[in-house]
*Asks:* 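Next up is a structure, given as structure tokens.
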Amino acid sequence: MEFDSYIDFYNHLKTMPFNDIILGVKDEIVANTLYISLGSSKIVRMDNTSYAIGYTYNLVLSVPEVDSPLVRMLSNCVQDGLNMVDWSESSHMYNYQGFVYLPVGKSGEPW
């Protein structure tokens with residue numbers, strides 16, 4: 001799925017039944033929560049000027065059941081689907097990871 005900006009992506013995520021969507025990390029992992037972190041930026045350079053034209057965001061989803069419907073929902077809007085990273089013994093949850101590239105759009109960035 002393609003998005004015009006971070007805000008468009010975030011508004012799409014808000015339609016899904018996550019318990020929380022966190023930009024960054026948290027000390028404890030909470031069920032059905034999506035954690036978003038900035039992965040890298042795409043920069044165009046010309047002469048002595050450079051412009052960020054987009055960003056890649058890393059996504060980590062923590063769910064208590066391996067077949068949670070949130071996994072399917074989020075898989076449809078990230079670039080290469082979600083990959084199961086591990087089962088956490090401390091939180092007793094499955095962790096899925098993926099990424100999405102979002103251009104710098106007219107409706108702003110998360111910061």
*Asks:* With the side chain counted from C-beta on, respond yes when N58 and V60 share a heavy-atom pair under 4.5 Å apart, and no when they do not.
*Replies:*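 A side-chain contact is absent here, since even the closest heavy-atom pair is not under 4.5 Å.
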*Asks:* L34 versus L74: any side-chain heavy-atom pair under 4.5 Å?
*Replies:*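 Yes; the side chains approach each other to less than 4.5 Å.
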*Asks:* Heavy atoms only: give me the nearest V30-M93 pair and the separation to one decimal.
*Replies:*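 What the structure gives for the nearest pair is C-CE, 3.7 Å.
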*Asks:* Run the side chain to side chain contact (heavy atoms under 4.5 Å, CB included) test on Y94 and M84 for me, step by step, so that the C-alpha distance in whole Å, both residues' side-chain angles and the decisive distance to 0.1 Å come before the verdict.
*Replies:* CA-CA 7 Å; Y94 294 93; M84 188 171 97; 3.7 Å; yes
*Asks:* List the atom of S62, the atom of I29, and the distance in Å for their closest heavy-atom pair.
*Replies:*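 What the structure gives for the nearest pair is OG-CG2, 3.1 Å.
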*Asks:* Do F99 and L59 pass the side chain to side chain contact (heavy atoms under 4.5 Å, CB included) test, and can you show the C-alpha distance, the side-chain angles, and the key distance before you say yes or no?
*Replies:* CA-CA 6 Å; F99 70 95; L59 309 173; 5.9 Å; no
*Asks:* So V44 and S50, do their side chains get closer than 4.5 Å, heavy atoms only?
*Replies:*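 S50 does not reach V44 side chain to side chain.
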*Asks:* In the single-linkage hydrophobic clustering (I, L, V, M, F, W, Y; side-chain heavy atoms under 4.5 Å), do V63 and V78 co-cluster?
*Replies:*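 Linked within one cluster.
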*Asks:* Does the ring centre of Y6 sit less than 6.0 Å away from the ring centre of Y57?
*Replies:*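 Yes, close enough.
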*Asks:* I want to check something: taking the side chain as every heavy atom from C-beta on, are T33 and I22 in contact at a cut-off of under 4.5 Å?
*Replies:*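 The answer is yes; the side chains approach within 4.5 Å.
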*Asks:* Are V71 and L13 connected in the hydrophobic side-chain network, where two residues link if heavy atoms are under 4.5 Å apart?
*Replies:*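 Yes.
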*Asks:* Atom CE in M73, atom OG1 in T15: separation rounded to 0.5 Å?
*Replies:*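 Separation between the atoms: 8.0 Å.
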*Asks:* Under a 4.5 Å cut-off applied to non-hydrogen side-chain atoms, are P17 and N32 in contact?
*Replies:*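 Answer no - side chains too far apart.
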*Asks:* Would a single hydrophobic cluster contain both L70 and W87, if residues Ile, Leu, Val, Met, Phe, Trp and Tyr are joined by side-chain heavy-atom contacts under 4.5 Å?
*Replies:*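 W87 clusters together with L70.
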*Asks:* Using the rule that Ile, Leu, Val, Met, Phe, Trp and Tyr join whenever any side-chain heavy atoms are under 4.5 Å apart, tell me whether V100 and I53 fall into a single cluster.
*Replies:*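 No, V100 does not connect to I53 through the hydrophobic network.
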*Asks:* Distance check, rounded to the nearest 0.5 Å: L102 atom CG versus E2 atom CD?
*Replies:*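 Here the rounded value is 10.5 Å.
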*Asks:* Atom OH in Y51, atom OG in S41: separation rounded to 0.5 Å?
*Replies:*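 With rounding to 0.5 Å, OH (Y51) is 15.5 Å from OG (S41).
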*Asks:* Is any side-chain heavy atom of F3 less than 4.5 Å from a side-chain heavy atom of C77?
*Replies:*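 Yes, at least one pair of side-chain atoms sits under 4.5 Å.
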*Asks:* Can you measure from CD1 (I43) to OG1 (T49) and round to the nearest 0.5 angstrom?
*Replies:*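 Taking CD1 in I43 and OG1 in T49, the distance rounds to 12.5 Å.
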*Asks:* Please round to the nearest 0.5 Å and tell me the distance separating atom CG of L82 and atom CG of N95.
*Replies:*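 With rounding to 0.5 Å, CG (L82) is 11.5 Å from CG (N95).
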*Asks:* Quick check: do L38 and Y55 have side-chain heavy atoms less than 4.5 Å from each other?
*Replies:*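 Touching, per the 4.5 Å side-chain cut-off.
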*Asks:* Do Y96 and V66 touch side chain to side chain, with heavy atoms closer than 4.5 Å?
*Replies:*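 When only atoms from C-beta onward are counted, V66 and Y96 do touch, with a gap below 4.5 Å.
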*Asks:* Would you compute the distance between atom CG of L23 and atom OH of Y10 and round it to the nearest 0.5 angstrom?
*Replies:*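 With rounding to 0.5 Å, CG (L23) is 9.0 Å from OH (Y10).
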*Asks:* If hydrophobic clusters are built from ILVMFWY residues whose side chains come within less than 4.5 Å, do L61 and Y35 share one?
*Replies:*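 Unlinked, L61 and Y35 end up in two clusters.
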